[in-house]
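To keep things clear, I will list the structure first and then write my remarks on it.
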2 protein chains.
Amino acid sequence: MRDRDLATSSSPARATSRRPPYSIDVILFTPRGAQLAVLCVRAADPRSRERWQLPTDWAAGDETLDVAARRVARAAAGVEPTWMEQVGAFADGQRHPGGATLTVAFVAVVPATVLDVANPDVAWFSVGEPPTLPPRHRVMLDAALETLRTRMDYAPIAFKLLPAMFTLSELQQMYEILLGRRLHKASFRRALQGAVLVEPTEEWRSEGRGRPAQFYRFAPRKRRQGRRPVRFDLL
Amino acid sequence: MRDRDLATSSSPARATSRRPPYSIDVILFTPRGAQLAVLCVRAADPRSRERWQLPTDWAAGDETLDVAARRVARAAAGVEPTWMEQVGAFADGQRHPGGATLTVAFVAVVPATVLDVANPDVAWFSVGEPPTLPPRHRVMLDAALETLRTRMDYAPIAFKLLPAMFTLSELQQMYEILLGRRLHKASFRRALQGAVLVEPTEEWRSEGRGRPAQFYRFAPRKRRQGRRPVRFDLL
DNA sequence: CGAATTAGTACCCGCGGGATACTTATGTCA
DNA sequence: TGACATAAGTATCCCGCGGGTACTAATTCG
């Protein structure tokens with residue numbers, strides 16, 4: 001079975017050498033509805049106790065960690081993440097598919113527009129109800145969410161999940177999905193205004209009911225430098 | 001399409017039979033005067049371009065990362081760190097003593113009372129004027145400081161550097177050393193009060209000039225739970 | 001006793017976030 | 001065509017909290 005074989009090799013083969021190398025695993029999130037979803041791949045190893053796991057592969061010797069992680073993400077999702085950051089190294093004994101002694105985990109995001117996953121060995125799960133994962137992957141998923149949310153004040157993650165032009169309501173919804181909780185409208189806009197994170201365009205949204213919304217764009221570096229980060233976690 | 005197939009294709013770059021393992025490096029800080037100091041060890045390899053480097057060792061197969069890091073710290077400083085946390089994995093090509101392809105870095109602290117380093121191959125350097133370090137260690141030092149300071153709101157690092165009983169002035173000084181900047185006295189005490197992080201004892205400091213200071217102790221978990229962390233970075 | 005020193009507190013001010021309610025601008029439908 | 005629904009965007013008030021300043025308190029030293 002072609003699919004089966006392909007899926008099988010998605011997890012690192014059991015290490016045969018005396019010193020097993022390390023794996024690069026990616027926790028890939030995307031906004032889906034009002035929640036975040038995490039990308040899982042079907043466990044191919046028939047000995048695996050769990051049916052799903054996170055995208056993983058061995059690190060190649062000549063790759064940097066970032067490049068390797070992008071490769072793993074692209075292999076699983078079919079597209080490049082629009083934002084990515086290292087979560088850390090995990091090696092504290094929990095079982096890992098493939099038996100890697102050490103795993104370097106990365107958290108990444110992709111926009112919702114590329115959710116067309118035809119591959120039956122890949123699926124998105126709500127972060128609220130993830131499938132049963134191998135122990136180390138379970139730990140890494142929680143750590144990845146933690147990293148994602150603590151980085152939101154400093155990295156423009158929400159913008160990397162939206163088109164170049166967006167309304168402030170869309171931006172706020174994206175922040176709410178990423179942070180997993182509601183934000184206050186007036187405070188949100190005040191914070192954006194204060195940090196000069198966005199600038200208005202001449203475009204207005206025409207579709208839909210209600211008052212049209214003005215489109216904004218992410219403010220270029222030049223106009224943002226020197227500004228302190230917005231502490232959205234305080235809103 | 002090809003990329004997606006790669007998602008499940010078996011192309012883990014074949015490891016050489018003798019793949020080098022990863023190293024565990026520790027960035028160990030201690031309060032010294034009004035500044036932090038970092039522990040460095042003399043470069044043993046005569047081919048090393050730099051005279052100093054950070055404590056490092058290969059990871060043993062059967063150790064967890066934490067245990068290995070504690071071992072490295074103990075070997076260099078002679079004592080166990082009182083607080084430690086992982087910084088991350090570093091493997092982006094910078095030169096590393098020993099030639100490790102991957103390094104897992106830990107940040108740790110020890111109280112100032114154990115500064116008696118008789119070993120001439122070990123020395124403390126002010127973080128403001130560190131010695132020339134191998135490239136990867138230079139990067140790791142900055143990352144470790146960053147990790148230390150961002151964790152201060154959530155981990156009782158300052159308390160781990162003080163005796164069981166301390167005055168609020170001593171506590172504030174410790175926070176100032178760790179954060180690298182002055183704090184406002186009234187705000188600092190208000191924040192402590194609000195978070196119920198400390199509780200007064202019946203003891204008073206007898207030594208020294210000026211008004212005696214009341215001794216406090218770190219409040220036990222039971223009395224602190226439910227309280228939100230103190231954002232000392234906002235003070 | 002008074003000056004110096006350190007600990008601890010009181011007061012005021014201003015900023016910024018939360019809540020609420022309001023205005024504005026569209027679509028929908030009777 | 002006008003009332004209503006819907007969504008965007010704003011105004012206003014309140015209050016908590018951090019910063020600045022200056023004050024009081026308790027000790028040592030000369």
Side-chain angles (χ1 to χ4, degrees), chain A residues 34 149 152-153 158 162-163 165-177 179 181-217 219 226-235, chain B residues 33-34 149 152-153 158 162-163 165-177 179-217 219 226-235:
Chain A
R149 288 175 176 160
M152 286 204 55
D153 294 334
L162 290 170
M165 290 205 308
F166 47 83
T167 70
L168 293 189
S169 296
E170 290 168 348
L171 182 61
Q172 179 175 348
Q173 282 173 26
M174 191 58 69
Y175 268 97
E176 290 176 341
I177 293 170
L179 291 172
R181 59 191 180 82
R182 302 296 304 274
L183 297 177
H184 191 265
K185 182 168 67 167
S187 300
F188 180 79
R189 290 169 185 237
R190 266 189 307 228
L192 286 178
Q193 202 73 323
V196 200
L197 270 179
V198 297
E199 58 185 14
T201 70
E202 298 304 317
E203 311 273 336
W204 292 77
R205 188 177 66 182
S206 54
E207 54 177 292
R209 284 197 274 277
R211 173 172 170 173
Q214 190 168 11
F215 275 114
Y216 285 74
R217 72 166 68 92
R227 299 290 175 172
R228 73 180 195 289
V230 190
R231 308 294 298 251
F232 287 105
D233 59 330
L234 295 180
L235 295 187
Chain B
R149 288 175 176 160
M152 287 204 54
D153 294 334
L162 290 170
M165 288 203 311
F166 46 83
T167 70
L168 293 190
S169 295
E170 291 168 347
L171 182 61
Q172 180 175 347
Q173 283 172 26
M174 190 58 69
Y175 268 98
E176 290 174 343
I177 293 170
L179 292 172
R181 60 192 178 81
R182 302 298 305 274
L183 296 177
H184 190 264
K185 182 168 68 166
S187 300
F188 180 77
R189 289 167 186 239
R190 265 189 308 228
L192 285 178
Q193 202 75 321
V196 200
L197 270 179
V198 297
E199 58 185 14
T201 71
E202 297 304 316
E203 312 274 337
W204 291 77
R205 188 179 65 182
S206 52
E207 54 178 290
R209 285 195 275 279
R211 174 174 171 174
Q214 191 167 12
F215 275 114
Y216 285 75
R217 74 165 67 92
R227 300 288 177 173
R228 72 179 195 290
V230 191
R231 307 295 298 252
F232 287 105
D233 58 330
L234 296 180
L235 295 187

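On a predicted model such as this, the values are computed, not experimentally measured, just so you know. So you know, we letter chains A, B, ... as the sequences are listed, proteins then strands, and number each from 1.
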5' precedence on DNA chain C between B:K185 and A:A186 (nearest-nucleotide basis): B:K185

Nearest-Å distance for atom pair CH2/P, residues A:W204 and C:dA25: 9 Å

Candidate pair B:F215 and B:T167, rule side chain to side chain contact (heavy atoms under 4.5 Å, CB included), full reasoning: CA-CA 5 Å; B:F215 275 114; B:T167 70; 3.8 Å; yes

Within 6.0 Å of CZ in B:R182, more than 12 heavy atoms from elsewhere: no

Rounded distance in Å - CZ (A:R205) to C1' (D:dT6): 11 Å

Residue-phosphate contact under 4.0 Å: B:R211 side-chain N/O, C:dT5 OP1/OP2: no

Touch class at under 4.0 angstrom, heavy-atom based, for A:S169 against every strand present: sugar-phosphate

Sugar-phosphate only, base, or nothing, as touched by A:R190 at under 4.0 Å among non-hydrogen atoms: base

Between C1' of C:dG16 and NE2 of A:H184, the distance in whole Å: 13 Å

Options D:dG18, D:dG9, C:dA7, nucleotide nearest the side-chain atoms of B:S187: D:dG18

Among C:dT20, D:dT10, C:dG27, the one nearest A:R209 by side-chain distance: C:dG27

Nucleotide C:dA7, atom P - distance to OH of B:Y216 in whole Å: 12 Å

